[in-house]
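Working notes, beginning with the structure itself.
Letters go in sequence order (proteins before strands), and every chain restarts at 1.
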Amino acid sequence: MTAKPARTLVTSALPYANGPIHIGHIAGAYLPADLYVRYLRARKRDVVWVCGSDEHGAAITLRARKEGTTPRAIVDRYHAEMQEAFSGLDIAFDHYDRTSSEEHHGFAQEFFLELLEKGAFTEETRQQFYDPQEKQFLADRYIQGTCPKCQDDRAYGDQCEKCGSALSPDELIDPKSTLSGSTPEMRETTLWYLPMDRHESWLKTYLEDGVLDGEQHHDPKSWKAHVTGQCKSWVDGGLQSRAMTRDLDWGVPVPVEGADGKVLYVWLDAPLGYITATRNWAKKNGADWAPYWKDKDTQLVHFIGKDNIVFHCIIFPILLKEHGGYLLPHNVPANEFMNLEGDKISTSRNWAVWAKEYIDDFPGRSDEMRYVLASIMPEQKDAEFTWEDFQSRVNNELADVLGNFVNRVVVLTSKYFDGKAPAASGTWTSTDEALRELMASTPGAVGDAIERYRFRDALQHAMGLVRAGNKYLTEEEPWKVMKTDAQRTADILSLALQITANAAIVLAPFLPRTSEKIATALGTSDLPWDAAGGDLVPTGQPLGALPILFEKVTDEQVEVQRAKLGPDASQEGLRDVEAEKPGTSFDDFQTMDLRVAEVVAAEKVKGADKLLQLTVRTGYDERTVVSGIAEHFKPEDVVGRKVTLLANLAPRKIRGVVSQGMVLMASTEDGSLRFVTPDEGAEAGDIIR
RNA sequence: GGCGAGGUAGCUCAGCUGGUUAGAGCGCAGGAUUCAUAAUCCUGAGGUCGAGAGUUCAAGUCUCUCUCUCGCUACCA
C-alpha cells in the first residue's frame, strides 16, 4: 500500500459472548485497532471501524444449559457487559453490532445462498437420524442403542464402548436420541462443505506475492512474519474440505428446504458479521456501505489475535472471493498473546485483569492502561503484563516524564508571563533549532510507525519528544535566565509550549483523555494533526487550568490487584467447575470394575506427544494400558506407582497399540494431572468398591 | 510427530535487504540541578546476541543440527 487508499475499513475480531473482556483481548485486537483508527481519523482519512459480539455456537448453548437459562439471556448479558468494558477503556468503534440480530441472520443467509448458487460448496447427501421431538439431525454421538456385535445396550452411534467395535448409527438396534429419548427417524440430509483445496493456487500467490487476479494487491513484506508463515504452512500442507454447517439449534438457520436443525458454521457466520455491522453502521449514518467492501481503492484491515489467523487469511478470503465483488484483506496485523504475572491468561482460573474491573478500581484512568498495554503490546512475540511493571510505567513515564513536563511548562509560564503564551523573538539558537527539528519530524515518525502497525515504536517516538522537552528545560534553565534576560526566557518557554502542544497531538491516539486535558491547559480545544510539527500555541494565548495528569500508583494498589488474581477467595473454597453429570444408578456403577494396579514399565508411544504406553500388574495378569499423560509425567516417574485402573474397559486400539483399561487421573484446576493413588498398604489386584 | 513464530544487557523489548566499538526504556552506581507531581538532566557499569557446526573478507542478521517457550495441527479427551 504505497498509494493512500481512498477509504479504510477496519475490523476487530468479534469477541465471543460467553465471558468478559480482559486485557489480553484489549492488547490483541482492540487497542491496536483503536490506535490505528484514531490516528486515521486525526489525519481526516475516511475510515470506518466495525466490531460486534459473536453470539452463536455450541459453547453458548452449553453455558445456558449449565446456568439453567437461555442462550438469548447469556448473549444479552455479555453483549451489554462487553460494550461497557470497551467504552471504559475508550475503545471507540464506529459501530458495534451482534450476530444474533435479524439483520445479520438475513444477510448471512443471503450470502450463503449466493455461494450455494455459485457452486462454492460441495454437497453430500446422505441418510441421517433425525430427532422429530428436538427437530434436529443427530450427530453420531447423540444416538444410543444396542450394539449388533456384543448386544450391549449402551453403544453409541460411532462406537460401542463395551466391545470397542466401530459402528455407524444405522447398525444400532433400537436406536434412541440421547437428547429427547425418542426414537429417531432416518431422513435425507445435505451437508455443505467448502472445498478449500480448489483455492490453493491463488491463495499462494495472494499470500506470498500479494498478487490477486494478476494485480498487485498489497505488499507481502508489510505483513507480519508469523502471519504469513502460518498461512503458508497451511496452504503448503494442502487444504482440506471443511463443513460449513452444524447440527445445532442456536445460530443462523441454513436457508434451505429440509435443513431444519442446521445452522451455519460459526466461521461462516462470524466474519460475515463484519459486513452486517458495516451495513448497519451505514444505515445509522445515512451512508453507503458498499464502497467499504467493494471498491478497489478501499483498504481492508483485520485486527485479530494469533489464534484467528487462518480463518481471516484463508477461509474468509475464500468465501469472499467465491462470492465475488468483495474485497480481500490488505493486511491482517495479528498480535501474539499477552501473558500475566508469569502465567497464561486464563478465564476459568480467574488469571486475568478484567477490563471492567480495572475501570471500577481505577476510575477515569483508562489512559494509564492504554499506555501500558501499548508499550508492551505483543506485536511480534508473546508479551507479559505485571502489575509492578504497570506501576513503574505509570509512575516513571506518565507521571514523572509526561505529567511533570507539562506541569513545569505551565507553571513557569504562569509565573513569568502571567499565564499567557509569551512572544518569541524569532531567532533561535542551535539547541532550539535541533529541538524544533525533532518537533517537526515527530508527527511523521509516529504516523509512519502507526501505519506500519508498530505501535510500541510509535509511542516511543511520541514520548521521545517529551523527553527532549524535559532535557531542554533542564539545560536551558529558564528560571535562571529570567533573572537577566526576559526575552530569552520567553523564547525558551514559547518553544516548550509548542513542544507540549505537539506532544498532545501525537499522544492523542494513545492517551485521548490526557491529550484533551493538555489542550485545555494550553487554552485551546483544537489541536489538529495536520498542523503538527509547527507552532500551535499563538502568542498571548491565555493558558487554562491544568489538573494533575497522572496520580502515582501505590504499592498498596499493586498488592490489591495481585491479590485478585487466581481463584476467588470470596467463594470460600467453592470452585467453578463443570456441572455434575445426571444421576446414575448403583447398578450402572457396579458395571465398572476398578482395581488397584502397579505400573511396572512405561515408555513413550512413538509419534504421539501425549501418550505413554504403560505395563501394569493387576495381581492376576499384566496388561498394556495407553494413557494420555506424557505431557505431565516421564516414564521413569510412573514406574513403581500404584494406580487406580478401570480394568474392564473395552479394549481399544490407540495409535497402533491396544489399550486394555484406563488409569484414573484427577485433573487439577490448572489443567495438570494427579494419579488417583490408593492409601499405603493396598496391593495390586485389590478391588475398589 | 508435522508446521509456524520466538529465545538479544538484572527486567521489558528494538535491531530493514549480512559490514566499523550490538541499541532504547526501566532498574542499578556516581554526579549536576531545583522551575516542577522528591520530579528532571548528565555520566557509568552491564550482553561469548539459546548451544554447536558451516558459508563469507565480514553474521545477532544466511545454511544445517540440537535445545527451550508460545501457537496451529495430528494422535489423544
Would you mind telling me which of [options] lies closest to the side-chain atoms of [X]?
X      : options             : result
A:E336 : B:U37, B:A5, B:G71  : B:A5
A:E477 : B:C35, B:U33, B:C70 : B:U33
A:R408 : B:C35, B:U33, B:C13 : B:C35
A:Q460 : B:A24, B:C41, B:A36 : B:A24
A:K471 : B:C41, B:G25, B:U34 : B:C41
A:A225 : B:A36, B:U37, B:G6  : B:G6
A:D400 : B:U12, B:A39, B:C41 : B:A39
A:E475 : B:A5, B:C41, B:C70  : B:C41
A:Q230 : B:A39, B:C72, B:C41 : B:C72
A:R456 : B:G25, B:C13, B:G15 : B:C13

Query raised in the report: Do the ring planes of A:Y36 and A:F455 sit parallel (below 30°), tilted (30 to 60°) or perpendicular (above 60°)?
Result: perpendicular
Query - Side-chain H-bond candidate by donor/acceptor type, A:N502 with A:Q498, under 3.5 Å - result: no
Report task. Could you tell me the separation between the CZ atom of A:R488 and the CG atom of A:D432, rounded to the nearest 0.5 Å? Result -> 4.0 Å
**Report entry** Reported CG-to-CG distance for the pair A:L507 and A:L465, which is rounded to 0.5 angstrom
**Finding:** 8.0 Å
May I ask you to evaluate whether [X] reaches the phosphate of [N], defined as a side-chain N or O under 4.0 Å from OP1 or OP2?
X      : N     : value
A:R454 : B:G15 : yes
A:N395 : B:A39 : no
A:R467 : B:C26 : yes
A:Q391 : B:C26 : no
A:K381 : B:G71 : no
A:K232 : B:C3  : no
A:K306 : B:A5  : no

Query raised in the report: Taking 4.0 angstrom as the limit, do A:R513 and A:E516 come out as a salt bridge?
Result: no
Query raised in the report: Which residue lies toward the 5' end of RNA chain B, A:S233 or A:T474, if each is placed at its nearest nucleotide?
Result: A:S233
Query raised in the report: When you compare B:A9 with B:G23, how far apart are their P atoms, in angstrom units rounded to a whole number?
Result: 14 Å
Query raised in the report: What integer number of Å spans the P atoms of B:C41 and B:C3?
Result: 50 Å
Report task. Could you run through RNA chain B and flag its stems, i.e. three or more consecutive Watson-Crick or G-U pairs with both distances under 3.5 Å? Result -> B:1-7 with B:67-73, B:10-13 with B:23-26, B:28-32 with B:40-44, B:50-54 with B:62-66
Regarding [X], tell me which of base, sugar-phosphate or nothing describes its non-hydrogen contacts under 4.0 Å with the strands shown.
X      : value
A:N470 : sugar-phosphate
A:L473 : nothing
A:K480 : sugar-phosphate
A:F550 : base
A:K344 : sugar-phosphate

